**Q** 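Dropping a structure here in structure tokens format, bear with me for questions.
Note on naming: letters A, B, ... go to the chains in the order of the sequence lines (proteins, then strands), and numbering restarts at 1 for each one. Treat the numbers as computed from the prediction; the structure is a model and nothing was measured.
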2 protein chains.
Amino acid sequence: MDDSSNRLDRAFAALADPTRRDLVARLAGSDATVGELAEPYDVSLQAISKHVKVLEEAGLVTRSRDAQRRPVHLHAETFDLMTTWIERYRREAEERYSRLDALLARGAEDRTDLKEAS
Amino acid sequence: MDDSSNRLDRAFAALADPTRRDLVARLAGSDATVGELAEPYDVSLQAISKHVKVLEEAGLVTRSRDAQRRPVHLHAETFDLMTTWIERYRREAEERYSRLDALLARGAEDRTDLKEAS
DNA sequence: CCCTTTCGCAACCGATCGGTTGACAACGGT
DNA sequence: ACCGTTGTCAACCGATCGGTTGCGAAAGGG
């Protein structure tokens, strides 16, 4: 399963960058070319081109060909992969968290040192 | 803005590493100490200690104190933050994907004159 | 045909990352 | 009071990352 693991590697790493998350947010509104995507930022076009490539290799976006333009659009499938992974463990964590209260209630006889709550 | 963005930065970056995803998967089953977590891997204990620290600073796990042990357990909240972010744009992407057929039927056109506000 | 626009590729740079080893702090057991 | 257990901190190393600049390829428009 190096395959799906590697896809998750790239997908999570891709979304770890705020610029790339912003690109995704804007692409959710409408497809765009690299030039259009690059315009709002004060970095070079090549930098954005690299970002788009990272998103593409992560399977988060795809590109088509329209003359010399390469319109970029989101690819929802990989997002599903991520939410599926996250939700699986979030659910287990919450279930265990619910049971944690009962566990703590049973064994919290000598917990006199919790003076700080969240 | 930088606040929640930074939390997402760290959370996504943390889960970009397969070892850390594996740690999360195991912690979903039960809490564990750093030593217990490190045991299955062939890397040093310090390496796993660092991984746990990354997960902690990302808000994905928390630690309590039980004598010299520092049991680690999942913190579901940050997982919610991630799925919320992802789901938002995944949904928009899928909606736009449904409309893509109609868009393609009309043919590609530039969007420089979108002034309709009805 | 050229020429422009759009954009990818390659090389390079500083910063960060994942790993190592070594030292040591914190705590309990005896 | 010592020792073993548990885990963190600090320094270092090679690899990768996000950014830059420079060059050139691909496709239309005049």
**Q** Are any non-hydrogen side-chain atoms of B:L15 and B:V24 less than 4.5 angstrom apart?
**A** yes
**Q** Whether B:S44 contacts C:dT20 is assessed here as follows: a side-chain N or O lying under 4.0 Å from the phosphate OP1 or OP2. Is that the case?
**A** yes
**Q** Hydrophobic clusters here meaning ILVMFWY residues chained together by side-chain heavy-atom distances under 4.5 Å, can you tell me if B:L8 and A:L60 are in one?
**A**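 Per the 4.5 Å side-chain linkage, B:L8 and A:L60 are co-clustered.
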**Q** Rounded to whole angstrom units, what separation is found between the CD1 atom of B:I48 and the P atom of C:dG19?
**A**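 Rounded to the whole Å, the gap is 7 Å.
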**Q** Below 4.0 angstrom, N of the basic side chain to O of the carboxylate: do B:E56 and B:K53 qualify?
**A**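 Answer for the salt bridge query: no.
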**Q** Measuring from the side chain of A:H51 (C-beta onward, heavy atoms only), which nucleotide among D:dG18, C:dG19, C:dC7 has the closest atom?
**A**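 It is D:dG18.
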**Q** The side chain of A:V43 lies closest to which of these nucleotides: C:dG19, D:dG19, C:dG8?
**A**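 So the side chain of A:V43 is nearest to D:dG19.
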**Q** With a 4.5 Å cut-off on side-chain heavy atoms, are A:R26 and A:P40 touching?
**A**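 Result yes, sub-4.5 Å side-chain heavy-atom pair found.
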**Q** Give me, pair by pair, the N or O atoms of the protein and of nucleotides 22-25 of chain D that are less than 3.5 Å apart, along with how far apart they are.
**A**
residue: D:dG22; atom: O6; partner: A:Q46; partner atom: NE2; Å: 3.0

**Q** Could you tell me if the side chain of A:H51 sits less than 4.5 Å from the side chain of A:D17, heavy atoms only?
**A** yes
**Q** Is it true that B:E95 and B:R91 make a salt bridge, defined as a side-chain N closer than 4.0 Å to a carboxylate O?
**A** no
**Q** Considering only heavy atoms from C-beta outward, does the side chain of A:V52 approach that of A:R63 to under 4.5 Å?
**A**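 Yes, at least one pair of side-chain atoms sits under 4.5 Å.
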**Q** Measure all distances between protein nitrogen or oxygen atoms and nitrogen or oxygen atoms of nucleotides 14-17 of chain C, and list the pairs falling under 3.5 Å.
**A**
none

**Q** Measure distances between side-chain N and O atoms of A:K53 and base N and O atoms of C:dG8, and say whether any donor-acceptor pair falls under 3.5 Å.
**A** no
**Q** Without decimals, in angstroms, what is the distance between A:L45 CG and C:dT6 C1'?
**A** 8 Å
**Q** Is it the case that one hydrophobic cluster holds both A:L23 and B:Y89, taking links as side-chain heavy atoms less than 4.5 Å apart, direct or via other members?
**A**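 Yes; B:Y89 is reachable from A:L23 via cluster members.
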**Q** Do A:L81 and A:E77 have side chains that approach each other closer than 4.5 Å (heavy atoms only, starting at C-beta)?
**A** no
**Q** Rounded to whole angstrom units, what separation is found between the CG atom of B:L55 and the C1' atom of C:dG18?
**A**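 It is 13 Å, rounded to the nearest whole Å.
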**Q** Nearest-Å distance, CZ (A:R70) to C1' (C:dG8)?
**A** 8 Å
**Q** With respect to the phosphate group of C:dG18, does any side-chain polar atom (N or O) of B:T19 fall under 4.0 Å of OP1 or OP2?
**A**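 Checking B:T19 against C:dG18: no side-chain N or O falls below 4.0 Å of OP1 or OP2.
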**Q** Closer than 4.0 Å, any side-chain N/O of A:S49 to the OP1 or OP2 of C:dC7?
**A**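 Result: no.
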**Q** What is the distance, rounded to the nearest whole Å, between atom CG of A:D31 and atom P of C:dT6?
**A**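 Atom-to-atom, A:D31 to C:dT6, this comes out as 18 Å.
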**Q** 5'-most contact on DNA chain C: A:R63 or B:A47, nearest heavy atom basis?
**A**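 The 5'-side residue here is A:R63.
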**Q** Nearest whole Å is fine: how far is C:dG18 C1' from B:D22 CG?
**A** 16 Å
**Q** Please report the distance, rounded to the nearest Å, between CG in A:D42 and P in D:dG18.
**A**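 One finds 16 Å between P of D:dG18 and CG of A:D42, rounded.
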**Q** Return the value, rounded to whole Å, for the distance between atom CG of B:D9 and atom P of D:dG18.
**A** 11 Å
**Q** Taking side chain as C-beta onward, heavy atoms only, is A:I86 less than 4.5 Å from A:F12?
**A** yes
**Q** Can you identify which nucleotide, out of C:dG19, D:dG7, C:dG8, has its nearest atom closest to the B:K50 side chain?
**A** C:dG19
